[in-house]
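Note sheet for the following structure.
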Amino acid sequence: MKFYIVGSNKGLGLHLRKEFNCVNFDRPYDLSQDIDAICSHIDSDSVVILNAHAKGAQIKYVEALKDRCRLVVCGSIASTFKDFSMPTYSEQKLELENYVVEQSLHSKHPMLYLRLTSSSYANYDLISNTIKFWLDNPGFTFAGYDINE
């Protein structure tokens with residue numbers, strides 16, 4: 001199975017790229033604008049990890065890929081507990097979460113939504129293990145993490 005990742009220059013994305021031996025999409029692409037170009041390189045029946053917020057474009061990646069491959073979508077606790085210092089980000093993450101949860105019920109390919117917190121985002125092994133669990137149990141579609149984890 002081939003793995004791809006959108007957003008893997010540092011932190012969690014870099015860890016996931018190495019852990020799953022992903023083909024990565026980062027610079028020179030503009031992740032918020034080059035969606036069609038990036039998606040055209042992704043094989044059907046692969047796994048795509050959508051880690052980059054990409055100025056709110058994650059939902060466009062889901063729309064483009066949901067009928068072609070398995071998706072892991074990195075969301076945020078800001079979807080549920082609004083970050084008043086970043087209201088647009090919170091709104092985008094809420095829209096993304098609602099869309100992924102709805103689509104995962106009917107998609108022909110498995111989808112996993114990860115509602116990440118600051119502390120879980122820093123726990124790379126926890127996220128990797130969640131994805132591995134989902135790969136073995138594709139009926140599992142949503143993971144929320146403890147704020148104190």
Side-chain angles (χ1 to χ4, degrees), residues 1-8 11-17 19-26 29-83 86-121 123-147 149:
M1 182 176 320
K2 194 166 189 176
F3 286 80
Y4 298 88
I5 187 165
V6 177
S8 66
L12 176 62
L14 181 59
H15 171 80
L16 294 174
R17 180 175 86 197
E19 182 76 18
F20 295 101
N21 192 28
C22 297
V23 173
N24 65 304
F25 295 101
D26 294 295
Y29 292 102
D30 178 339
L31 301 181
S32 65
Q33 296 294 317
D34 296 335
I35 298 162
D36 291 337
I38 291 169
C39 291
S40 71
H41 293 291
I42 295 173
D43 296 334
S44 294
D45 298 322
S46 57
V47 176
V48 179
I49 301 170
L50 299 173
N51 181 56
H53 174 249
K55 300 177 187 171
Q58 272 179 302
I59 199 164
K60 292 179 181 177
Y61 284 98
V62 175
E63 290 169 347
L65 296 169
K66 66 183 175 64
D67 295 324
R68 290 182 39 208
C69 53
R70 298 176 188 194
L71 297 175
V72 176
V73 182
C74 295
S76 172
I77 193 73
S79 64
T80 305
F81 298 100
K82 192 171 187 170
D83 185 338
M86 301 185 320
T88 301
Y89 175 82
S90 293
E91 290 168 14
Q92 290 168 339
K93 288 298 187 175
L94 177 59
E95 182 181 0
L96 174 68
E97 181 174 310
N98 289 337
Y99 184 73
V100 172
V101 169
E102 177 187 334
Q103 293 303 309
S104 69
L105 297 173
H106 308 289
S107 179
K108 67 180 186 176
H109 296 282
M111 299 169 99
L112 174 62
Y113 182 83
L114 303 173
R115 185 190 289 159
L116 300 172
T117 62
S118 296
S119 54
S120 66
Y121 190 86
N123 189 338
Y124 303 157
D125 290 334
L126 176 64
I127 305 305
S128 295
N129 290 335
T130 302
I131 294 170
K132 289 173 187 173
F133 177 82
W134 171 75
L135 289 169
D136 291 335
N137 301 278
F140 170 68
T141 62
F142 188 98
Y145 298 91
D146 190 328
I147 262 178
E149 181 55 38

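Under the 30°/60° scheme for interplanar angles, the aromatic rings of Phe142 and Tyr113 are found to lie parallel.
Looking at heavy atoms from C-beta onward, Phe3 lies out of side-chain contact with Asn21 at the 4.5 angstrom threshold. Looking at Val73 and Tyr61, their side chains never come closer than 4.5 Å, going by heavy atoms from C-beta outward. Contact of the Ile5 side chain with the Phe20 side chain is not registered, since no non-hydrogen atoms from C-beta on lie closer than 4.5 Å. Counting heavy atoms from C-beta outward, Phe25 and Asp34 have side chains that stay 4.5 Å or more apart. Residues Pro110 and Arg70 meet the side-chain proximity criterion, which asks for heavy atoms closer than 4.5 Å. The shortest distance between side-chain heavy atoms of Leu96 and Ser79 does not fall below 4.5 Å. Side-chain contact between Met111 and Val62 is present, with at least one heavy-atom pair separated by less than 4.5 Å. Gln58 places none of its side-chain heavy atoms less than 4.5 Å from the side chain of Val6.
Within 6.0 Å of CG on Asp36 lie no more than 12 heavy atoms contributed by other residues, nucleotides or ligands. For Lys132, the NZ atom counts as densely surrounded, since its 6.0 Å shell holds more than 12 non-hydrogen atoms of other residues, nucleotides or ligands.
Across Tyr29 and Ala37, no two heavy atoms sit closer than the pair CE2-CB, 4.4 Å. The two atoms that bring Ile35 and Ala57 nearest to each other are CD1-CB, 3.8 Å, heavy atoms only. Of all heavy-atom pairs spanning Asp26 and Gly7, the tightest one is OD1-CA, 3.2 Å. Closest of all the heavy-atom pairs between Ser46 and Asp43 is OG-O, 2.6 Å. Nearest heavy-atom pair, Val47 versus Val72, reported as atom, atom and distance to 0.1 Å: CG1-CG2, 4.4 Å. Shortest non-hydrogen contact noted between Arg17 and Asn24 is NH1-ND2, 3.2 Å.
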